[in-house]
Amino acid sequence: RELVVSFGEMLIDFVPTVAGVSLAEAPAFLKAPGGAPANVAIAVSRLGGGAAFVGKLGDDEFGRMLAAILRDNGVDDGGVVFDAGARTALAFVTLRADGEREFMFYRNPSADMLLTADELNVELIKRAAVFHYGSISLIAEPCRSAHLRAMEIAKEAGALLSYDPNLREALWPSRDEARTQILSIWDQADIVKVSEVELEFLTGINSVEDDVVMKLWRPTMKLLLVTLGDQGCKYYARDFRGAVPSFKVQQVDTTGAGDAFVGALLRKIVQDPSSLQDQKKLEDAIKFANACGAITTTKKGAIPSLPAETEVLQLIEKA
Ligand code: ATP
């Protein structure tokens with residue numbers, strides 16, 4: 001039982017054909033399939049692992065294109081349902097010259113928000129060794145209830161729960177609401193991964209010192225991770241904690257690095273769940289995840305830059 005089942009949104013990002021412009025200045029956009037949970041499933045599959053995606057797409061050309069991308073990448077799409085009355089979600093994204101990311105979402109509501117608990121592929125979710133999710137699926141009903149039910153089904157069936165909140169402030173009615181809802185399912189997860197930005201957003205403190213990170217620790221957790229971009233990451237387990245540096249690479253586009261990191265880590269954990277209790281094994285798994293994240297930053301886009309296992313092992317060997 002090594003299946004990673006990822007739950008949530010899959011959508012199309014539209015990114016400007018030229019770098020460093022605002023959305024208004026962009027002369028044209030390229031389609032970049034994404035959505036963090038879908039990226040994680042594809043990351044696992046690229047590394048040779050079993051992966052499935054659960055979520056809703058529009059019964060339109062874009063939705064069918066995304067489902068085909070899952071299948072072409074070896075991801076089980078048995079949990080994908082199509083909504084005849086709503087469109088596949090779109091997001092226009094740009095990295096402006098000032099380094100700020102600008103998002104504009106078309107979700108009013110989009111198909112991903114309309115998944116209901118009744119539409120869940122229960123048998124598929126029950127086969128998960130790890131059930132992974134974010135927080136965007138918590139923003140609106142009926143998807144929120146479907147998300148909570150899917151977590152319950154996975155947990156009852158013995159899966160580890162993995163949570164990467166993946167904060168997108170623009171999608172929430174307010175910062176307070178985002179914080180409250182993101183933390184409302186904090187205690188259920190076995191594995192939680194946050195970025196530096198999310199750590200500050202959730203704790204209100206701009207620091208990655210241990211005492212700040214520990215504000216997010218719960219006794220129910222097995223592993224808490226804080227990713228630090230080119231600095232690698234810090235990890236906190238029940239009986240040990242530490243930091244693992246990343247690898248030196250030529251960074252081109254960081255989109256998907258966090259998802260590649262999560263996918264790689266989950267791949268290692270399903271292969272050997274004892275990694276969560278063994279510091280040496282855990283550090284090896286994190287090193288593998290760092291390398292996977294690092295490689296993803298060397299090419300444009302998320303899905304096209306997710307590496308195969310051999311590429312990851314090569315980077316580790318070379319270092
Ligand atoms: P995302 O941009 O996908 O939301 P994130 O903020 O969740 O990403 P990051 O910290 O940017 O996550 O990256 C995840 C992991 O990828 C890092 O912990 C690190 O191991 C690796 N990584 C990211 N950027 C670089 C880089 N420039 N050089 C080397 N490794 C990197």
Side-chain angles (χ1 to χ4, degrees), residues 6 8-11 13 15 32-44 46-47 91 93-96 99-103 132-136 162-171 178 182 191-202 206 208 213 216 223-236 241-268 282-307 311-312 314-316 318-319:
S6 198
E9 69 285 358
M10 184 173 196
L11 56 110
D13 284 341
V15 293
N39 292 344
V40 168
I42 294 173
V44 170
R46 282 271 165 85
L47 295 169
V93 189
T94 188
L95 191 61
R96 296 191 317 225
E100 284 299 303
R101 215 168 263 277
E102 191 181 341
F103 288 98
H132 175 78
Y133 47 86
S135 71
I136 289 171
S162 161
Y163 184 22
D164 173 356
N166 235 295
L167 175 67
R168 290 286 177 268
E169 274 188 57
L171 292 178
I182 286 171
I191 301 163
V192 177
K193 175 249 164 207
V194 293
S195 65
E196 264 180 283
V197 172
E198 288 156 351
L199 177 65
E200 180 180 358
F201 178 81
L202 294 171
N206 179 13
V208 294
V213 179
L216 296 181
L223 180 62
L224 173 62
L225 298 144
V226 183
T227 53
L228 306 167
D230 63 0
Q231 300 298 300
C233 77
K234 295 181 87 172
Y235 67 89
Y236 302 77
R241 62 174 69 159
V244 184
S246 192
F247 296 82
K248 264 221 148 10
V249 292
Q250 202 64 46
Q251 182 182 310
V252 173
D253 172 11
T254 63
T255 309
D259 304 329
F261 173 92
V262 170
L265 186 78
L266 297 182
R267 172 70 191 131
K268 285 293 168 192
L282 183 64
E283 287 204 352
D284 281 346
I286 292 173
K287 197 170 159 186
F288 183 82
N290 281 341
C292 191
I295 292 169
T296 306
T297 70
T298 62
K299 285 182 217 154
K300 276 181 101 168
I303 294 173
S305 54
L306 295 168
E311 291 172 73
V312 182
Q314 269 165 21
L315 178 62
I316 294 172
K318 212 178 65 189

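Quantities reported herein were computed from a predicted structural model and do not represent experimental measurements. Remember, it's 1-based here, ligands and their atoms both numbered in the order they're listed. Any value given below was found using the heavy atoms of this structure, including those in side chains, with hydrogens, waters and symmetry copies removed.
- For atom 8 (O) of ligand 1, the nearest protein heavy atom (residue, atom name, distance) is Gly258 N, 3.3 Å.
- For the atom pair CG (Leu225) and CG (Asp164), the distance works out to 10.0 Å, reported to the nearest 0.5 Å.
- Polar contact check, Asn166 against ligand 1: no nitrogen or oxygen pair lies under 3.5 Å apart.
- Distance check for atom 4 (O) of ligand 1: every protein heavy atom is found at 4.0 Å or beyond.
- Among Ile295, Leu306, Ile316, the single residue meeting the side chain to side chain contact (heavy atoms under 4.5 Å, CB included) criterion with Glu311 is Ile295.
- The closest approach between a heavy atom of Lys193 and any atom of ligand 1 is below 4.0 Å.
- Rounded to the nearest 0.5 Å, atoms CG (Leu216) and CG (Leu202) are 5.5 Å apart.
- The distance criterion of under 3.5 Å between nitrogen or oxygen atoms is not met by Cys233 with respect to ligand 1.
- Separating the CG atom in Leu282 from the CZ atom in Arg241 is a distance of 13.5 Å, to the nearest 0.5 Å.
- Ligand-side atoms of ligand 1 in range of Thr254: 2 (O), 3 (O), range being under 4.0 angstrom from any heavy atom.
- When the options Gly232, Ser195, Gly293 are ranked by their closest heavy atom to atom 18 (O) of ligand 1, first place goes to Gly232.
- Comparing heavy-atom distances from atom 20 (O) of ligand 1 across Thr298, Asn39, Asn290, Asp253 singles out Asn290 as nearest.
- The closest heavy-atom contact to atom 22 (N) of ligand 1, among the options Ala257, Gly256, Ala289, Gly229, comes from Gly229.
- Rounding to the nearest 0.5 angstrom, the gap separating the CG atom in Leu228 from the CD atom in Glu196 is 5.0 Å.
- Of all protein heavy atoms, the one closest to atom 12 (O) of ligand 1 is Thr227 OG1, 3.4 Å.
- Atoms of ligand 1 lying under 4.0 Å from any heavy atom of Leu228, numbered from 1 in the order shown and given with element: 10 (O), 18 (O).
- Atom NZ of Lys287 has 12 or fewer heavy atoms from other residues, nucleotides or ligands within 6.0 Å.
- Ion pairing between a basic and an acidic side chain is recognised when a charged N comes within 4.0 Å of a carboxylate O; Lys300 and Asp253 show no such pairing.
- The backbone and the side chain of Ala294 each have at least one atom closer than 4.0 Å to an atom of ligand 1 (non-hydrogen atoms only).
- The protein non-hydrogen atom at the shortest distance from atom 27 (N) of ligand 1 is Gln251 OE1, 2.5 Å.
- Contact atoms of ligand 1 toward Val249: 28 (N), 29 (C) (distance under 4.0 Å to a heavy atom of the residue).
- At least one side-chain heavy atom of Tyr163 sits less than 4.5 Å from a side-chain heavy atom of Ser135.
- Polar contact check, Ser246 against ligand 1: a nitrogen or oxygen pair lies under 3.5 Å apart.
- The CZ atom of Arg101 sits 7.5 Å away from atom CZ of Arg168, with the distance rounded to the nearest 0.5 Å.
- Every N/O-N/O distance between Thr255 and ligand 1 stays at or above 3.5 Å.
- Ligand 1 places these atoms under 4.0 Å from at least one heavy atom of Thr297: 23 (C), 24 (N), 25 (C).
- If you check which protein heavy atom lies closest to atom 29 (C) of ligand 1, you get Phe247 O, 3.1 Å.
- The only member of Leu171, Leu11, Leu167 that meets side chain to side chain contact (heavy atoms under 4.5 Å, CB included) when paired with Ile136 is Leu171.
- Phe261 CZ to Cys292 SG: the interatomic distance, rounded to the nearest 0.5 Å, is 10.0 Å.
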